J.: 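The structure follows.
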Amino acid sequence: MSDLTTLRTILDPTEAPDLPDESFELTQSDRTLTDVDFKTPAVGYFRDALQRFSQNKASVTAFVIICAIVFMAIFGPGMTPYGFNQQNVDLRNMPPRIPALARIGIATGHRTLERRRVEFLEDTERYPMGSIIELRNPTVISGVEVVDVVVDYYAYLGVTGSFWFGTDYLGRDYWTRLWRGARVSLVIAFVSVATNLIIGVIYGAVSGYYGGTVDMVLMRICEVIEAFPRVVVVTLFILFFGTGLFSIIMSLIISGWITTARLVRAQFYRFKLREFVLAARTMGVRDSVIMFRHVFPNSVGPIITRTMFAVPLAIFTESFLAYIGLGLQAPEPTIGVLLSDAQRVLLNYPYQSLFPAVVISALMISFNLFANGLRDALDPTMRGV
Amino acid sequence: MARANGRNSWATPTRAAERDDPAAGAAPRRKILEVRDLAVSFKTYGGTVQAVRGISFDLYEGETLAIVGESGSGKSVTIRAILGILTRNARIVGGEIRYRGRDLTQLLEDEFHDIRGKLISLVFQDPLSALNPIMKIGRQITEALQLSLGMGRVEARDRAIELMRAVAIPEPEKRFDQYPFQFSGGMRQRIVIAIALASDPEILICDEPTTALDVTVQAQILELIAELKTRRNLSVIFITHDLGVVANVADRIAVMYAGRVVETGTADDLFYDARHPYTWALLSSMPDLETREKLFSIPGAPPNMLYPPAGDAFAERNAYALRIDHDQHPPFFRISDTHSAATWLLHPKAPRVERPKVLVERIARIMERRAADELARDE
Amino acid sequence: MSSPAMSDATGDALLDVRNLRMHFTSGRGTRRVHVKAVDDVSFSISRGETFGLVGESGCGKTTTGRTIIRLYNPTGGQVFFEGHDISGRLSPRATRLLATKMQMIFQDPMASLNPRMTVEEIVGEGLTVAGEHRRSERLKKIHEMLEIVGLSKDHANRYPHEFSGGQRQRIGIARAIITEPSLVIADEPVSALDVSIQAQVINLFNALKERMGLTVLFIAHNLSVVKYFSDRIGVMYGGKLVEIARSDDLYRSPTHPYTRSLLSAIPQPDPYSEKRRRRIPYDPSQHDYEREQPSYHEVSAGHWVYCSDTELQRFANAGT
C-alpha cells in the first residue's frame, strides 16, 4: 500500500489490510522513555565557528591575502640587498624589473624615452649595446628627425642588478620601502586598534553594565573628547612629542576607542537584562565575573567584527595624515608616506602610486571580507545551520 | 448521515443532533475550501525540511475548524500556503487547495491580490507587530478599505468607524485618530480583526490570535470572533495549541503532528472520545482546574523535519507504539462519520489499550457534571 | 491591623513578605513617571509549601519574585527569609544566604542559559560561587543533578542550543537546585514550552518537591497550572495582592471581583462547559478607595481578601 493512498482514504476498520499479528505488539509500553544521548560529538564554540568560517570562500581568500601581506611586511624588506634608506641619486625613478616576469612583458625594466634624435641612436655612449628595444613614432620636429625610443633602462644606465618595484625619487629600492612601509602601517594599525579595544571594552562594559549616573557621566566624557578636531590634536602631539610612531598612534587612540566603547556599551545594555545574566546575579556571581564571563563572550562577535573593520580604517587614517604632511618623519616609510610622495610623480611614474595603492586596497577589502566572515561565524544564531 | 463521497467522508459536517449551534440542521452545507494532500517543503542550509507532508481537510461554510498542533507541526505553514504568503525558500511540492473552483497553489502573485485580504483574511498572533506603530488606527483601517474596495475617503471613514463599532471599540470616532500605542493589547487585536473584516471576507484565518493576550482579554476576543462568525456567516480556520481555546471555538478539529493530520473530528469527538495517542497526550499533559492526578507526560521532543522518521512520526515518543508504527505510516481509520484517526491502534488486530488515567478521569468528571446539569434542567 | 503575613506565619514561615513595595520611576522633571509595580504586598510561605502567584501580564507578579530575590532593591517593606531580613542593605551573611538558599527558574529556556557556556559551566556556576573549587567534586555534583532532571552525563559538555526547549528548562532547574536551596522562585517556568513538553517539566517539579523538600514560589498566568501545582494561591492585580486562599478555596469560593472574573475566563478543555461558559467582567472602577481605605480581611480561615469594609459586606452577600 503506498503512502499516498493511505493519506487519502479513510478505512473502515473492517476493511483494514491484513497484516501479520506480530506487527501489533506494543513495543514501548513497559520501558520508560528517556532522552537520547547526542550521536554527534560535542563541538566547541570556536571549533564550530571555525567550521562555518572555512565554508565562506571569500573570507578565507581574504584571510590568505592578509596573511600574505603580513608575511611580506615581515620578510619582504630582507629579500633585497638594498636598505630602505639606501639612496643612490644616479638611479632615481628606475622602472620596475622582475627578471622572472620580464619574459611575459611585465616589469621588464623598459622605459620609453620620447623624441630622441635619430642621429644619436648609433652612439653607444648614449645608448649602450643592447639597450634599445624598439623605436616608435618617427617624426620630424623643426627639421630634426626624432623618434620615441623604448630602452632597457637598466642597460641604458649600465645597472646590473634589478629593482623589483623600481626606485623612488632618491633612488631607494621601492620593494624594500613598500614592505617596510606596510610593516610600519600595520604596526601602527594593530597597536592603535588593540589599545582602542582594551580601553573601549572596559570603558563600555562599565558604562553599559552599571548604567544610570555612571553611564551618563562616562558618555558625556566621550562626547567632550570627540569634540576635539583630530587634525588639531595630531598637530599638538607632533608639537610636543615630535613626528614619530608615538604621535601617530596616540592620535589614533585619543578618540578611536570611543566607537568601540559605544558598541560595547550597547551590547552590555542588550545583554544585561537577559535572563541568563539575571540568573547569574541571583546566584551571587560577582559583577566583574558577570561582565567578562557572561556578557562579554556574547558580544564578542560584533566587537571582533568592528575591530577588524578598524584595522584598515587606521591604516587609511594614517595615510591621510601622511598625505596632509602629518605623517612619520622621513626617511621612515609608511603606506601613506609612499602614496603622498608618489602622487607628485603620478603622471611620470604611475607605478610608484600603483604598488602602495594595491597594498592598501587589498588590506581594506580583505579586512572587510574577513570581518564579514567572522561575524557570521561567531553569530550563535547561525549555529547548526 | 449519508457520506458526501467515498473518500474524505471524515470531513463531512457534524451531525446536527450533536451540535449546540442552532444554525446546523439545515441541508448539508457547502464546502468553501478543500485542501488535498498538500505538501510543503523548505530549502535550508541543512537540507530540505518537510514541513507539511500531505494533509487534507475541508472547510465548510459558517463553521470553525481548529487546527491544533505544537510549534513545528506544520499548522502555520499550512495557512501560509492557503494565503500564498510562504517564504521564498518554501515550495508546494504536491497537492492542491481548492477555493471557489480555483486551485490556489497554481495562482500567480497578481491573481492572489484578489483573494488575499479580500476573500480570505488573516488575523495575526501579535497585534503589536501587525499594526504600523506610526500610523493612526483609523488610517490603517481605511487604507484596507480604499485599497481593496476602492472606496472614497469619506465613505471609507464611515465604514471604518462602523467596523470599529462592530468589534466593540468604545468611542470609535475618538479612537479613530489615535495611534496603536494608545491601545491596550486586547483593543489592538480588535483593530487587527476590524482590518481583517474590512473587505467582508468569506474566510477568516486566525493564527493564534489570543496567545499574546491575558486570559480575561482572550475570553473577550474569542467571544468577539464567535459573534462575528455567526453574524457575518464567516468560515473560520483557527490555529492554536491551547486546547481550552479549541474547546471554546471549534466546531471541528484537526490535530497535526510532524506535518500530518493525525486525528480529525467534531469537538465532542476529540475531547470525549479521542483515539490517537498523540491527542491523548495533548489532552492529558495539561491540568484543568480539577486535575489532581499525575500528568501524562510525553518524553522527548518532536522529530526534526529535516529527517522525518519512517512510519508514524510519533512512534518514538509513544508509550502505545506498535511494532508496525516504526516502519509503516498508519492509514486513517473511520471511527464514526465525523471522526477518524491515523493510528494502527484502530486496526482490528491491535491490542486494546487503556487511555491515560488523567484523561479517563477528566472525561468521567465532565460526563457526570453534564448528566447532573441535564437532570437539573429536566426538573 | 491584621495581615495575611502575620496570621499565616505559624512560626514556621520560610519566607515572610511584609508590605513589600517596588516603585519604578523613569524620566525627569515634568515627564517623570512613577509606576507602582508592587504595592503593599504581604504573604508568607511555610516550609515545604508551594505558593502560587497569578495575575495578568504587568500585574507585578514577576517584579514581586525578582524583588524578593533582590534583583531589584525594594522601595519599601520587609522580606524575611529563614528568619533573616533580606530587604535592606545586605550583610555578607545575608548575601550568601540569598545566593545559595534561594534560587530562581526563569521563563524563557533559551534566554536563561548563556549560549557561550557549556551545560557543565552553567549548572556548576552555583557551586563555584559557593566556594567549591575542585573540579572533580563539582563534576560529581553536576552529573548527579543532570541525572535528577532526566539528562545524562554525556550532556554536560554540550552547549544550550543543542537541546530542545524542554531539555533546556530542565538544565535551568538543575542549575537552580544544585546549591540545595530551600526556596525556589519559578517565574512562568512552563509557559514558553510546547504543550507536550509542559507536562514533563511540571512532573519533574512535583518529583523534586517531594525529593528535596523544596518550598516553591510559583509565578504564572495560567491559573489551571497554578491550581494544579500550588497549595495556596495569591491573586495579583495592578501591583496589589487582592486575594490569598488555599487553592481549593480560591477555586470554590472566589471573593474578590477580579478573582471571579479571572476564574470565569479560564478556558477549559471541555467543549460542553466552554459553550456554556459565562464570563464575569471586571471593572476596577467599582472600587471607591477614596472614601474607605482597603485592607486585608479574612473571610474564612486562611482566605484573605484586600477590600474595604463595605465591599467586604457586599462580597459576603454575593457569596451566599
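Remember, predicted model here, so these are calculated numbers, not experimental data.
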J.: Below 4.5 Å from any heavy atom of chain C, which atoms of A281(B) appear? Answer side chain, backbone, both or neither.
T.: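 Neither part.
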
J.: At a heavy-atom separation under 4.5 Å, does V246(B) approach chain C through its side chain, its backbone, both, or neither?
T.: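 Neither part.
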
J.: At a 4.5 Å cut-off on heavy atoms, which part of Y272(B) comes close to chain C: side chain, backbone, both, or neither?
T.: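 For Y272(B), side-chain heavy atoms alone lie under 4.5 Å from chain C.
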
J.: So, E243(C) and T259(C): side-chain donor and acceptor under 3.5 Å apart, yes or no?
T.: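 Yes, a side-chain donor-acceptor pair sits under 3.5 Å.
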
J.: Heavy-atom distances under 4.5 Å only: say whether Q220(B) touches chain C with side chain, backbone, both or neither.
T.: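 Its backbone and side chain both get close to chain C.
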
J.: So, R276(C) and D373(B), do they make that salt bridge, N to O below 4.0 Å?
T.: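 Not counted as a salt bridge, because no side-chain N and carboxylate O are separated by less than 4.0 Å.
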
J.: Take a 6.0 Å sphere around CD of E210(C) and say whether it holds more than 12 heavy atoms from other residues, nucleotides or ligands.
T.: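 Not more than 12 within 6.0 Å, no.
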
J.: Would you say that E368(B) contacts R365(B) through its side chain, given a criterion of any heavy-atom pair below 4.5 Å between the two side chains?
T.: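 Side-chain contact under 4.5 Å: no.
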
J.: Is chain C contacted by the side chain of A250(B), its backbone, both, or neither, given a heavy-atom distance below 4.5 Å?
T.: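 For A250(B), the backbone is the part near chain C, not the side chain.
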
J.: Which one wins on heavy-atom pair count under 4.5 Å against chain C: L289(B), I298(B), V215(B)?
T.: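 When all of L289(B), I298(B), V215(B) are compared, L289(B) has the most.
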
J.: Using non-hydrogen atoms and a 4.5 Å limit, figure out which bit of L262(C) sits close to chain B: side chain, backbone, both or neither.
T.: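 Contact with chain B: backbone and side chain both.
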
J.: Less than 4.5 Å to any heavy atom of chain B: does that hold for the side chain of N203(C), its backbone, both, or neither?
T.: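 Side chain only.
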
J.: Does any heavy atom of chain B fall under 4.5 Å from the side chain of S57(C), the backbone, both, or neither of them?
T.: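 Answer is both: backbone and side chain atoms of S57(C) are under 4.5 Å from chain B.
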
J.: Assert yes or no for the condition that the ring centre distance of Y237(C) to Y282(C) is strictly below 6.0 Å.
T.: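 Ring centroids of Y237(C) and Y282(C) are less than 6.0 Å from each other.
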
J.: Name the option with the most non-hydrogen atom pairs under 4.5 Å to chain C; the candidates are Q218(B), R362(B), R292(B).
T.: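 Greatest number of close heavy-atom pairs with chain C: R292(B).
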
J.: Just say parallel, tilted or perpendicular for the rings of Y257(B) and Y278(B), cut-offs at 30° and 60°.
T.: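 Correct class here is tilted.
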
J.: Parallel under 30°, tilted from 30 to 60°, perpendicular over 60°: which one fits the rings of H276(B) and F314(B)?
T.: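 Taking F314(B) first and then H276(B), their aromatic rings sit tilted (interplane angle of 30° to 60°).
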
